[in-house]
Every structure is written in structure tokens, then in C-alpha cells.
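The structure appears right after this line, and notes come after that.
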Protein chains: 2
Amino acid sequence: MNIYDIAREAGVSITTVSRVLNGKDNVSPATRQKVEAVLALHSYVPSAIARGLVAKSMKTVAVLTVDVRVPHYARTAYAIEHECSRRGYNVLMCNTGEAKEAGMHYLEAVIEKQVDGVILVGSAHSALNTESRLKKLLVRTPTVVANGRLKLPNSYSVLVDDHLGVGLAVDHLVQKGHQDIVYVRDMDTESARRKYDGYLAAMSRHGLTPRMLDTQPTLAGGIEAAQAFLKLKKATALVCGEDLTAVGVLKGLLRAGVRVPEDAAVTGYNNSEYAHICEPELTSVDNKPEMVGLMSVQLLESLIGGRADPASVVVQPQLALGQST
Amino acid sequence: MNIYDIAREAGVSITTVSRVLNGKDNVSPATRQKVEAVLALHSYVPSAIARGLVAKSMKTVAVLTVDVRVPHYARTAYAIEHECSRRGYNVLMCNTGEAKEAGMHYLEAVIEKQVDGVILVGSAHSALNTESRLKKLLVRTPTVVANGRLKLPNSYSVLVDDHLGVGLAVDHLVQKGHQDIVYVRDMDTESARRKYDGYLAAMSRHGLTPRMLDTQPTLAGGIEAAQAFLKLKKATALVCGEDLTAVGVLKGLLRAGVRVPEDAAVTGYNNSEYAHICEPELTSVDNKPEMVGLMSVQLLESLIGGRADPASVVVQPQLALGQST
DNA sequence: CTGAAAGCGCTAACAG
DNA sequence: CTGTTAGCGCTTTCAG
């Protein structure tokens, strides 16, 4: 059942049907009614593909995350989808994993589908910068990177000031009287580097000596970090790069009989559900994924619309206090 | 840059370019090479929209969940996307929320886009059964419901045996010596009803008296349930309908100084990350979202392919032991 | 092995 | 207000 069938059945031209379909006003009430009756009778659904061919747009944007199962990405992706939907776009979800090849593969697929824009979530995607094909692939497609950067002429970023974020955690601990604050480094992305730099800067600002423990961003990684922490002399607080790691640290400390926050304080990052599930609840840096998602879509649409002065945006994180500090 | 430009530049017909693009074998090596050179030179990307118009398929499926931020849905959606991608499909992500209207709205949008199929995740979508438009909307679109049902001729389900799942939890508690096992009911979906029925059946099977507490599927809801539980006389265990609720219950018990599992045992449902984050870790029913996602895609593709005998599938949950029982 | 021509379902000038 | 006519970029007969 296509527009021709409808036109024939209503005894009008396809142009008229198209006009009714698109709510144009240059159709007489009588004709409109006649056409609408036929439309309703068959529950007619126009083909967005055919429309897309003409309009060169399917009103679709692609969102690439490493893995939507990671709560922080899920929140960002949700916010993006929500805002896109509000603006009449649908969202293609892509879980790229860590491998660059997979990311490129997804990009190729969605570029073929002529998505109106692409949002890359997470600084893990910065690795794509080394792909020479990338430039050619994305020349015609507006791209926004949420919390990362891409060196391309038509790509912009929404960045979270992670440097400041970790600083907030350190300042808070110092204010609580801590001096020997250890950083638990758990990832190796661009964003993770900004966090660590933020820690170093904050410690130096307070005239304190930085110390760092390396581990994995998992529960087990956190537990190991806690064990390592307990062997350090007179360290009293841990600043973690991820909530999950912080929860692991908490577990490790509690299992060793260390009281939190009395004997040791812990901070997390992301202020995810994880931070609220554990007991005591974590003090964590809220890096505003909903805001980042919203801004990303705003930025993307201004790029799609070819509007002037799209500028990269920086979101300010906030410290969310829990009982772990 | 379209197929005409390539054809002109390579000095061949568009038909030949199309053949090269699609890897057909009826092209001479020389011609193929010539065309491929031009293709590569311009990093040519064919338009999936134009192809879609001819093929009447964009190799896309829509996945509707209430909210991807819920870990269980995120895991299911991830599994679906992963499997779809493997089979050459892209996935449209839709967060419908609880309202039926929103669900219908998303369905209309993706049906217009001629998705090859739709996967509805979660029994919350069963509410759509009351929508009369639904039937007309989905007549031509293969539909799979993951953990729910839709009364439509061309829709099939992948169901989790939640009745059995809760039964496993009860059996385990009974085996541990518990008699007074309370059910914490936290949702009102089809799946939640199956869980409660499973509880009742299991209790009756063991000749025990069922008791039930009603609350919300949130941390706060769990905490309230724990408080209510403590007022009951001689109850020693709680079976919860969701991990998040169970974590709340745990929190409530620990805060009241009740030791888990010594004084009271708790089980969750979903075996999500939540279950592992809390201390002690939860014994939880693993309802296999990855398996459900995989089966859903398999089923959907057999529907799309018009293959014979697609049948609804039932997945068996398993009990994942933690330290909370 | 190669190309001409028709058409997928729709929108958009351009005439009436 | 309405219809005719071209495409949008591609695949697919059907002839050579």
C-alpha cells in the first residue's frame, strides 16, 4: 500500500495525497477529508525511506558508546536519546567495545545509512584520531564528542572538567583534615589522564605529597587497591577514578575491618547508582551525564542546521556528598 | 558524489559500478579494478537509503525498553545490539517510559522507518495489548517480546520462567533451614506477577505459610520493606522481586543492626551488578538477559526470513549464590 | 561481460 | 486549489 494506491482510491493525484500527508494548507477541506478517510481506512503509513531519499535525511543520529551496560554510558545515551526523540530524531545505538576497528566498522555502517549526525560518548573514542580514514568518512557528517576530542574540522566536543572534578574531591578531603590522600588510578583514557592531573594539581595546590596506586576499574581492582593502601604508612584517604573502583575499595576496607569514614575516607567518580547502593554511601563527583547528553544533542543539532558559531562546551562537575568521607 | 559520478569517472555504466559495489562476479577483472580505483579515490560510500528503497529494508531493527538506564534492560539491549550487529543489522534504541502513548509513538516512528523487526523488552510493554491500533501497525513487522506477551499473529515471545526463578530462591532458603519466608513485592508487571505466583506455589509446595510486603522497586522502597519486616514476628528471610529492592532491604537491615545472613537472609532477582556491589553480596536469581537477548534476535531473524516454525522460547533462570543467605 | 531502461515511494517545482 | 513531470541513488530485468 503506497501513495499511488491511496491516490487512486481517493480519486486524486499523488501530489494531493502528499500534501495531505504533510499537512500543507493548499488543499480544499473537502479533498483533505476524502483523502484522510482513505488514509485512515488503511492505517496508511508513509515510507520514511522514500522520504529520506528525497530529503537526504532519515532524521536519525548514531550514538557510539564503548558499552551501554556501563551505567555512566547508559545515562548519557539515555539523555541523548530522550532529547533526540523530543526533536524528532531516532537514535542508532552502537556498542563499539575498546577496539578501534569495531568503532570504524560502526561508523561506516551508520554513515552509509546517512545519519544526520554522530555522537561519540566517552574519551575512549579519541583513539580513533589515529585512523586516517576517519577524516574522509566524517567530512559530511556533523560529529559531537561527549567527553573527548576528535581532530576534525566539523567535530565539536562537550567536555566535563574532570580536572576540576577530582580537585573538588581532594579539596573536600583536605577540608575534612586529610593530608595523606592517595589516588587510585584505574583507567587509561584521556579523561582518566585529566582526572589524575587534577589530583596532582590539587595536591600541589595544598602543598601535599601525591601518592598513586594503579589498578583496574573493577570491583576486584578496587579490592586490590584497598589491600595495597593498607600497606602504605599513614595514608588516610583514597580518591578513585571510578565509582566501581571506589566500591571495590570500600569492600576491601570493610573486609579488612577498617571503618569508613572513621579510619579511612573514600571518594568515587560519576555519582552513579553504585555510589548509593553501597553502605556507607560514597561521596562522589557528579559529572552530569544528563547535562552532557543534552548539550551534545543541542550542539549536534546546531551543526546539522549549519547554524553559526557552534562552540565546544564545558560542563562543570559537582561534588555529591555521601557518608564515606 | 553518487553512483553516476563514479560511473562517469570510471567510464562505465552505473550498472557496472553497482555490480562492483555488490561484489557480483560478472565483471571483468580489468573493469573491476578500474572502478575500484575510482571508488577508493573518493572514499565512496553508497547510500543505504537508496538501497533500502529498492530492497524495502534498511537492515535495522528497533529495540524498545522502558529505560536503558535500568541495568537489566541495558544488559538485554546490549546483547540484542551485539547479536544484531553480528548479523549486519543496526539497532534503533527507544526508551519508552511507562506510558503507553510513548510506546505507540516510538512504534509509529520506527514502523515508518520500515524497520525489519521490533523487539520489545520487558513485560511492561504488555500494556500495549489494549491498544487497538497496535494490530494494524504491526501487521507487516515481525515482532518479538522479550519477557512479555503480545497477542498478535506475527509476534512471538522469549520468556523467562520467573515462576521457577523465585521457586529456586525459596527452595534454597528452605534448604538453609528457613520457614518464615516473606516475599517483597515491588512491581506490578506481568513478570512481577509470575514471580509472586512462583513464591506462593513454592511456599505451598513446602507446606509453608506465605507472607507478603508491598513496596516500590527502589532503594528507599527496600529500606521501608526492611523496616516493615522487622516488625513481623519470627520472619527470617526475604525474597525480593528486584535486586535494587533487595539492596535496599539489605541497607535497611544493616542500619538496624541486623546481621545478614546470620539474623536474616535476603535474595534478589536479576543477578545484576547491584547484587555484587553490596556487602554481603546478594544471592540472586540470574534471569539470563544475555541469553534472552540472543534468543530474541534469533527468533526475530527467523521471523524476518519467513522461516517456518518459529516458536516462542522459554529461558530457565538459575540461582547465583552470594553471602546474603 | 556490459549497458539501457524501468522503477522503489515520495517530494517539489511548475503549470494550469 | 490540483495535477504533471522530474528526479532522489540505487538495483534489477532484459537485451545485446
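Side-chain atoms are counted along with the backbone in the values below, which use heavy atoms only and exclude waters and symmetry mates. The sequence lines fix the lettering, A, B, ..., with proteins before strands; numbering per chain opens at 1. Worth saying up front: this structure is predicted, and the values here are computed from it rather than measured.
Using a 4.0 Å heavy-atom criterion, one finds that I14(A) contacts the bases of the nucleic acid, with or without backbone contacts as well.
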**OP:** Take S126(B) and S123(B) through the test side chain to side chain donor-acceptor pair (under 3.5 Å) and record every step on the way to the result.
**Re:** CA-CA 5 Å; S126(B) 301; S123(B) 58; 5.4 Å; no
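Residues from residues 133-142 of chain B that place a heavy atom under 4.0 Å from any atom of DNA chain C: there are none.
Comparing atom distances between the K24(B) side chain and each of dC10(D), dC10(C), dT12(D) picks out dT12(D) as nearest. Of all nucleotides listed (dG3(C), dC10(D), dG3(D)), dC10(D) comes nearest to the side chain of I3(B). If you check dT2(C), dG9(D), dC1(D) against the side chain of T31(A), the one that comes closest is dC1(D).
If you measure from atom NZ of K113(B) to atom C1' of dC10(C), you get 16 Å, rounded to the nearest angstrom. As a whole-Å value, the separation of R19(B) CZ from dC1(C) C1' is 8 Å.
For dC8(D), its base never sits under 3.5 Å from the side chain of Y4(B) at any donor and acceptor pair. Remark: the S13(A) side chain and the dT4(D) base include no donor-acceptor N/O pair separated by less than 3.5 Å.
Between the two ends of the helix from dC1(C)-dG16(D) to dG16(C)-dC1(D), each summarised by a five-pair axis, the helix axis turns through 40° (rounded to 10 degrees).
Look at T15(A) and you won't find any side-chain N or O under 4.0 angstrom from OP1 or OP2 of dT11(C).
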